[in-house]
Amino acid sequence: MKFHDPKNLAFLNALIISGVYAVLFIISVAILYPGALSEPFAWSLLVISSALLFLITWFSFRYTLEKFIYSKIRLIYKSIHQVKVGRDERPAHRHDHVLIDTVQQEVEQWEAEKAREIMQLKQLEQYRREFIGNMSHELKTPLFNIQGYVSTLLEGGLEDPAINREYLVRTEKSIERLVRIIEDLDEISQLESGHIRLNLSRFDIAALTREVVDFLEMKATKHEIRIVVNYPTKPILVEADREKIRHVLTNIIDNSIRYGAKKHGTTEITFFDLDENILTEITDNGVGIEPGDLPRVFERFYRTDRGRAVTRKGKGLGLAIVKHILEAHEQTINVRSAIGVGTTFGFTLKKGI
Ligand SMILES: Nc1ncnc2c1ncn2[C@@H]1O[C@H](COP(=O)(O)OP(=O)(O)OP(=O)(O)O)[C@@H](O)[C@H]1O
Ligand SMILES: [Mg+2]
């Protein structure tokens with residue numbers, strides 16, 4: 001028997017009341033009219049009056065309980081439903097007897113949803129805190145450098161030919177770094193707000209890769225990294241924004257050089273024909289990325305400890321821009337990595353027909 005059902009509750013109450021009435025009836029008759037209990041009339045009276053009392057109390061309890069409970073629950077149900085479906089939609093009509101079960105189920109579901117939302121909000125809050133920490137760290141370094149150089153120059157360094165020019169050059173470099181951070185952030189916010197229009201065209205991704213590799217050749221040689229491109233025999237046509245994809249390739253290949261192996265470093269670039277897309281993979285044999293860092297390297301200003309140990313130059317913005325550019329193309333980027341073995345970044349582009 002479900003006791004949260006008003007029908008059952010009313011039945012039980014009526015049963016108790018008529019039971020108590022019957023017992024009192026028997027006791028009173030036995031005291032007031034001894035011997036009357038042997039008359040069938042007394043028992044008939046008892047049965048009829050108890051049955052009547054049972055019916056009256058059962059119906060009145062049921063009516064009052066249902067009216068009271070349902071009016072309260074309907075109100076709760078309506079508020080939950082309004083939060084869930086939004087103000088414009090009205091909850092569908094439900095029969096009262098299923099209302100309590102439905103409300104219970106929906107409240108449980110609601111509770112689970114709220115718990116999930118709270119978790120997500122906590123994660124976002126944590127991400128926001130880390131983001132601000134990382135951003136101030138990246139901005140602080142060049143700003144403190146500039147402050148140091150300018151103070152030294154003002155405190156007499158300006159008249160010292162041994163350092164005056166050198167310090168001005170260093171100041172300029174730090175300013176350039178600040179400008180690049182602001183430019184990258186500007187690009188990210190424009191990509192995020194969806195204000196950037198893609199200038200789509202059909203082009204050969206292998207030819208564009210060759211241009212990017214030529215551009216980064218000097219840097220690769222300086223880091224003793226050999227770049228191997230598995231060029232196909234015919235052009236690989238894709239449909240995308242050529243300049244934005246140049247940005248993507250430059251960022252990923254630049255990372256493979258920056259975080260590449262100190263000795264016998266290689267960066268290998270391969271193209272794969274997936275039915276509707278072209279997958280470009282860039283593999284290095286560098287420092288690698290810890291499994292815990294893998295999903296986070298696309299966040300703004302996120303740098304791995306290994307990455308920071310290799311160089312202080314990174315801003316942690318390159319991959320965030322790359323991801324946004326590919327998302328604007330409705331394409332994907334993925335990364336796999338093993339410490340001491342290397343890292344592979346792969347991104348898809350729509351095939352150009
Ligand atoms: N090929 C790679 N091998 C190992 N770690 C990498 C590789 N590519 C990226 N990372 C890690 O991911 C982090 C984020 O990369 P991202 O390109 O966004 O920033 P960055 O290279 O530090 O700076 P920039 O904004 O100048 O590109 C890097 O700091 C590094 O820790
Ligand atoms: Mg980078």
Side-chain angles (χ1 to χ4, degrees), residues 127 130-131 133-142 145 173-192 209 212-213 215-216 219-220 222-229 244-270 280-327 332-347:
Y127 169 69
E130 283 181 19
F131 167 71
N134 290 342
M135 181 168 76
S136 44
H137 176 85
E138 291 307 324
L139 293 175
K140 227 162 45 189
T141 318
N145 287 347
K173 275 199 177 141
S174 292
I175 292 172
E176 270 169 15
R177 186 175 159 85
L178 277 179
V179 169
R180 274 200 303 273
I181 292 176
I182 303 298
E183 278 173 357
D184 280 357
L185 274 177
D186 194 38
E187 184 163 5
I188 290 178
S189 70
Q190 289 201 38
L191 282 163
E192 273 179 357
T209 307
V212 174
V213 170
F215 175 73
L216 291 169
K219 187 169 182 178
K222 199 172 136 210
H223 284 78
E224 295 178 30
I225 302 277
R226 197 166 58 92
I227 304 183
V228 183
V229 187
K244 296 249 169 324
I245 300 305
R246 181 195 298 278
H247 208 124
V248 167
L249 283 165
T250 309
N251 267 312
I252 302 177
I253 301 172
D254 181 70
N255 280 351
S256 77
I257 298 169
R258 212 181 247 181
Y259 309 108
K262 285 267 171 291
K263 272 186 190 163
H264 310 296
T266 55
T267 292
E268 190 174 355
I269 303 164
T270 318
T280 306
E281 282 202 341
I282 296 112
T283 301
D284 64 56
N285 59 347
V287 295
I289 302 170
E290 303 273 358
D293 287 325
L294 276 178
R296 303 204 57 187
V297 290
F298 299 102
E299 288 173 18
R300 282 166 283 179
F301 291 115
Y302 193 83
R303 302 198 66 208
T304 67
D305 289 342
R306 282 171 183 274
R308 282 186 203 279
V310 172
T311 174
R312 285 171 51 207
K313 273 193 186 149
K315 304 183 291 296
L317 292 174
L319 287 175
I321 296 175
V322 162
K323 189 163 180 258
H324 278 302
I325 292 177
L326 290 166
E327 275 172 0
T332 53
I333 176 156
N334 62 70
V335 54
R336 44 184 203 275
S337 185
I339 301 297
V341 180
T343 305
T344 298
F345 280 94
F347 64 90

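Read the numbers this way: they start at 1 and go in the same order the structure lists the ligands and their atoms.
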Undergrad: Short of 2.8 Å from the Mg ion (ligand 2), name each protein N/O/S atom, waters not counted.
TA: N255 OD1
Undergrad: Polar contacts were defined as any N/O atom of the residue lying under 3.5 Å from an N/O atom of the ligand; does this apply to K313 and ligand 1?
TA: no
Undergrad: For ligand 1, is any non-hydrogen atom under 4.0 Å from D254's backbone (N, CA, C, O), its side chain (CB onward), both, or neither?
TA: neither
Undergrad: Look only at interatomic distance and state if Y259 has a nitrogen or oxygen under 3.5 Å from any nitrogen or oxygen of ligand 1.
TA: yes
Undergrad: Looking at ligand 1, does any of its N/O atoms fall within less than 3.5 Å of an N/O of D284?
TA: yes
Undergrad: May I ask you to check if ligand 1 and L319 share an N or O to N or O distance below 3.5 Å?
TA: yes
Undergrad: Do any N/O atoms on D184 end up under 3.5 angstrom from N/O atoms on ligand 1?
TA: no
Undergrad: Check each of I321, I289, L317 against atom 6 (C) of ligand 1 and report the one with the nearest heavy atom.
TA: I289
Undergrad: Tell me whether E187 is salt-bridged to K244, with the criterion being a basic N under 4.0 Å from an acidic carboxylate O.
TA: no
Undergrad: Would you call the rings of F298 and F345 parallel, tilted or perpendicular, where under 30° means parallel and over 60° means perpendicular?
TA: perpendicular
Undergrad: Given that the side chain starts at C-beta and the backbone is N, CA, C, O, which of these parts of V287 lies under 4.0 Å from ligand 1, counting heavy atoms, or is it both or neither?
TA: side chain
Undergrad: Take K219 and R258, measure what side-chain contact (heavy atoms from CB on, under 4.5 Å) needs, and give me the verdict at the end.
TA: CA-CA 9 Å; K219 187 169 182 178; R258 212 181 247 181; 4.3 Å; yes
Undergrad: Distance under 4.0 Å to a non-hydrogen atom of F345: what atoms of ligand 1 satisfy this?
TA: 1 (N), 8 (N)
Undergrad: Identify the protein heavy atom lying closest to atom 14 (C) of ligand 1, giving its residue, its atom name and the separation to 0.1 Å.
TA: Y302 O, 3.4 Å
